[in-house]
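Quick note on labels: first sequence line is chain A, next is B, and so on, each numbered from 1.
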2 protein chains.
Amino acid sequence: MSKSMTIRDVAKAAGVSPATVSRTFVHPEKVDSVTRNKILALAKELNYRPNAAARSLITGLTGNIGIVVPDLTNPFFPTIVRSVQRKAEQLGYSALLVDTGEDVKHEPELTENLARQVDGLVLCSPRMSDEKLVDISSRYPLVMINREVPEVPAVTIDNRSGIAQEVAHLKALGHHRIGYVAGPQTSYSCLIRQQAATELLADAGLEEVSIGRFEPTFDGGRSAAQQVLLSSVSAVMVYNDVMALGLINQLAQFGVKVPEDLTVVGYDDIEFSSMSSPALSTVHVPRNDSGILAMNYLDALLRQGVNGPELPPRLPTEFIFRETSRRLGSPLVAQ
Amino acid sequence: MSKSMTIRDVAKAAGVSPATVSRTFVHPEKVDSVTRNKILALAKELNYRPNAAARSLITGLTGNIGIVVPDLTNPFFPTIVRSVQRKAEQLGYSALLVDTGEDVKHEPELTENLARQVDGLVLCSPRMSDEKLVDISSRYPLVMINREVPEVPAVTIDNRSGIAQEVAHLKALGHHRIGYVAGPQTSYSCLIRQQAATELLADAGLEEVSIGRFEPTFDGGRSAAQQVLLSSVSAVMVYNDVMALGLINQLAQFGVKVPEDLTVVGYDDIEFSSMSSPALSTVHVPRNDSGILAMNYLDALLRQGVNGPELPPRLPTEFIFRETSRRLGSPLVAQ
DNA sequence: CTGTTAGCGCATTCAA
DNA sequence: TTGAATGCGCTAACAG
């Protein structure tokens with residue numbers, strides 16, 4: 001118990017060679033079932049644990065995967081990280097985490113450093129350039145979540161469908177002049193969502209007012225309030241929930257009530273969106289699923305060697321009608 | 001570039017022995033500055049990277065630390081995880097993360113599995129028993145955050161002082177009959193806070209009404225609303241912010257306004273507490289600092305070998321007076 | 001200050 | 001089906 005058991009201790013105890021012990025763990029089918037069971041029993045009796053470093057030195061594998069997120073304090077990410085980590089654990093990996101702090105400049109370096117310590121990477125909403133991602137992906141097994149780059153495997157969200165549902169919702173409520181409050185350019189999904197909004201609003205015969213870019217944070221949303229107020233819209237679609245919550249908060253301080261005076265819809269369906277009051281109308285993004293799918297893909301990629309496994313199609317989103325959207329011009333309910 | 005460089009490649013290129021190359025990385029001071037610089041230059045020219053597994057096989061060290069959290073989607077934890085991870089990175093470690101999912105039963109096992117893969121552990125608000133923690137701590141280098149167990153190193157929060165400030169605040173606002181909404185028994189800080197509340201309210205000559213236990217979640221807070229309403233208190237102290245936010249949300253649905261009809265104070269000062277409306281009066285807990293201090297301690301522990309380094313005293317907390325607390329019986333401001 | 005020697009624990013040849 | 005031999009890449013003794 002004092003010193004850790006090695007494969008030779010088990011071999012000695014079982015009266016076999018170290019090689020046989022090794023085989024029973026790596027290729028159990030290549031060992032006679034009698035000797036195998038004997039070794040297995042002895043192994044756990046002696047509390048033997050294979051030394052990961054020694055194994056890694058030979059196989060070149062670590063048994064670890066890396067998760068990279070831009071900002072763990074952004075409520076969008078913890079759910080993803082958690083689901084990746086759990087699935088990784090189920091599959092026999094441990095998960096290393098790196099938070100880049102939205103530092104686009106250092107993101108490639110941090111990612112690459114991590115890459116050398118793990119068998120594969122899960123990159124959550126990476127901010128770096130397409131070129132960098134293609135480059136890193138060509139050298140390390142990797143899967144992205146919430147980003148699309150040609151030739152780089154990814155679990156993606158059907159942003160366009162989510163925006164379409166928002167547009168349909170707002171149109172059904174009688175809104176015509178609609179604002180889109182944009183997030184930062186560094187965010188891929190922001191670009192996609194805004195582009196979809198522009199197209200789909202036009203298709204629906206609605207008028208779009210582009211507002212922003214702002215930081216994708218609560219304060220970013222607050223700082224959008226003035227422009228929103230000056231834009232003469234009856235409804236705004238906001239890049240994400242955190243910003244939408246910030247916007248609503250600042251609007252309240254200006255005496256503008258949501259949804260009475262303005263309809264606001266978010267995107268992501270973070271946990272707090274259903275908790276705030278008024279509860280935020282938003283688009284649900286299956287973040288938990290995305291993590292599981294990404295990790296499953298990575299595992300398949302690692303096992304097969306080539307990039308054979310199928311990737312799921314863009315994950316469906318669903319509009320959630322809560323309390324921050326209402327029919328345009330409908331009378332206030334008596335208090 | 002195709003195959004990874006080894007220490008021998010560098011040695012050959014520099015015309016020295018492998019041992020000298022090794023030394024320049026591990027004990028730079030034991031190598032002549034001229035040869036050292038030559039080796040260093042060659043090393044990066046050849047893009048040499050020490051093989052962690054080989055190094056680990058000899059030293060018994062991995063260069064990794066492990067972080068264990070009960071629930072990453074609980075907004076209390078991401079800030080801590082992030083600060084630990086960043087400090088770890090600064091100190092030359094990589095961070096492995098495990099989310100136990102508030103599964104008390106499996107927590108020891110998950111922790112122990114992680115322990116074998118890392119040089120040391122940071123346990124955030126561990127839920128397992130004192131005995132288990134003492135046991136694991138006796139076998140692996142470890143530091144806890146937000147838990148106190150004799151003989152186990154920890155970065156702790158001055159919960160009592162936070163509660164004292166809340167009590168003083170409520171007393172100053174004229175409240176007399178005060179509720180304490182408790183969280184789960186599995187949470188150490190809940191026990192401490194409630195105990196402090198009982199004592200300090202009594203000391204202040206105030207009347208305490210104990211309410212709960214509830215889950216330390218938003219829904220847990222909501223489910224406390226009925227009992228709070230029936231308790232005839234003018235103010236409640238809630239175990240944590242998430243619960244306080246849930247309570248306020250449910251109270252609103254019952255037509256009870258905060259702070260007009262009831263004063264509510266939380267604990268933790270999670271990010272959303274300043275973002276909600278009304279903004280939550282609460283006790284700020286220095287979570288970011290706690291992570292940094294814990295990681296610094298762990299590093300010192302790992303370096304010195306013994307458990308010599310000093311631990312900081314309980315970290316100070318600070319009451320934040322926001323919008324959910326008000327003077328008892330003061331007239332409403334005209335709307 | 002530097003080189004030589006040895007081996008960390010394991011998985012994989014190759015024979016038997 | 002099993003055993004003996006080899007080496008993954010590196011660091012730590014020890015000499016020199």
Side-chain angles (χ1 to χ4, degrees), chain A residues 1-40 42-44 46-64 92 116-119 302-303 305, chain B residues 1-40 42-44 46-64 92 116-119 302-303 305:
Chain A
M1 199 63 174
S2 54
K3 290 214 61 176
S4 65
M5 289 288 130
T6 82
I7 211 169
R8 308 168 82 108
D9 298 317
V10 179
K12 206 159 294 175
V16 298
S17 78
T20 303
V21 177
S22 174
R23 280 193 204 93
T24 67
F25 287 98
V26 186
H27 308 293
E29 75 284 357
K30 294 191 167 253
V31 175
D32 185 271
S33 64
V34 178
T35 47
R36 189 203 314 148
N37 291 145
K38 184 155 110 186
I39 289 171
L40 256 19
L42 244 17
K44 72 169 171 292
L46 295 177
N47 195 30
Y48 163 75
R49 305 283 175 184
N51 180 314
R55 178 174 286 183
S56 176
L57 186 54
I58 294 179
T59 63
L61 265 27
T62 63
N64 297 151
R116 278 194 297 274
Q117 312 195 36
V118 298
D119 299 337
L302 260 20
R303 278 176 169 10
Chain B
M1 199 64 173
S2 53
K3 290 215 58 175
S4 65
M5 290 287 132
T6 81
I7 212 169
R8 306 167 85 109
D9 298 317
V10 179
K12 207 159 295 180
V16 298
S17 78
T20 304
V21 178
S22 174
R23 280 194 205 93
T24 68
F25 287 98
V26 186
H27 308 292
E29 76 284 358
K30 293 190 167 254
V31 175
D32 184 89
S33 65
V34 178
T35 48
R36 188 202 314 149
N37 291 145
K38 185 155 106 186
I39 290 170
L40 256 19
L42 244 17
K44 71 167 170 296
L46 296 177
N47 196 31
Y48 163 75
R49 305 283 175 184
N51 180 314
R55 179 175 287 180
S56 177
L57 187 54
I58 294 180
T59 61
L61 265 27
T62 63
N64 297 150
R116 278 195 296 274
Q117 313 193 34
V118 298
D119 299 338
L302 261 21
R303 279 178 167 10

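- Counting to the nearest Å, the P atom of D/dT2 and the CZ atom of A/R36 are 10 Å from each other.
- The distance from atom CD1 of B/I39 to atom P of C/dT2 is 7 Å, rounded to the nearest whole Å.
- At the phosphate of C/dT2, OP1 or OP2 sits under 4.0 Å from a side-chain N or O atom of B/T35.
- The interatomic distance linking A/L57 (CG) with D/dG7 (P) rounds to 14 Å, in whole Å.
- For B/L61, the side-chain contact (heavy atoms from CB on, under 4.5 Å) criterion is met by B/T59, B/D119, not counting sequence neighbours.
- Remark: A/R49 engages A/N47, B/R116 in a side-chain contact (heavy atoms from CB on, under 4.5 Å) (not counting sequence neighbours).
- Scored by the side-chain contact (heavy atoms from CB on, under 4.5 Å) test, B/N64 finds A/L96, A/Q117, B/T62, B/S94, B/L96, B/V118 as partners (sequence neighbours excluded).
- The CG-C1' distance, from A/N51 to C/dC8, rounds to 8 Å in whole Å.
- Every pair tested for side chain to side chain donor-acceptor pair (under 3.5 Å) that includes a residue from residues 24-37 of chain B fails, sequence neighbours excluded, so the list is empty.
- One axis for each end of the helix from C/dC1-D/dG16 to C/dA16-D/dT1, each built from five base pairs, and the angle between them comes to 30° at 10° resolution.
- The side chain to side chain donor-acceptor pair (under 3.5 Å) check on A/R8 picks up nothing, with sequence neighbours excluded.
- The OG atom of B/S56 sits 7.0 Å away from the CG atom of A/N51 when rounded to the nearest 0.5 Å.
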message: For a quick check, with a 4.0 angstrom heavy-atom cut-off, what is the B/S/- contact string for nucleotides 11-16 of chain C, read 5' to 3'?
response: BBB---

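- Closest to the side chain of A/T6, out of C/dG9, D/dT2, D/dC10, is C/dG9.
- The interatomic distance linking B/N37 (CG) with C/dC1 (C1') rounds to 15 Å, in whole Å.
- Residues passing the side chain to side chain donor-acceptor pair (under 3.5 Å) test with A/T20 are A/S17, sequence neighbours excluded.
- Put simply, CG on B/L42 and CD1 on B/I39 are 8.0 Å apart, with the number rounded to the nearest 0.5 Å.
- The distance between atom CG of B/L61 and atom P of C/dC8, rounded to the nearest whole Å, is 18 Å.
- Applying the side-chain contact (heavy atoms from CB on, under 4.5 Å) criterion to B/A52, with sequence neighbours excluded, gives no partner residue.
- Rounded to whole Å, atom P of D/dC8 lies 15 Å from atom CE of B/M5.
- We find that CG of A/D32 is positioned 7 Å from P of D/dT1, with the value rounded to whole Å.
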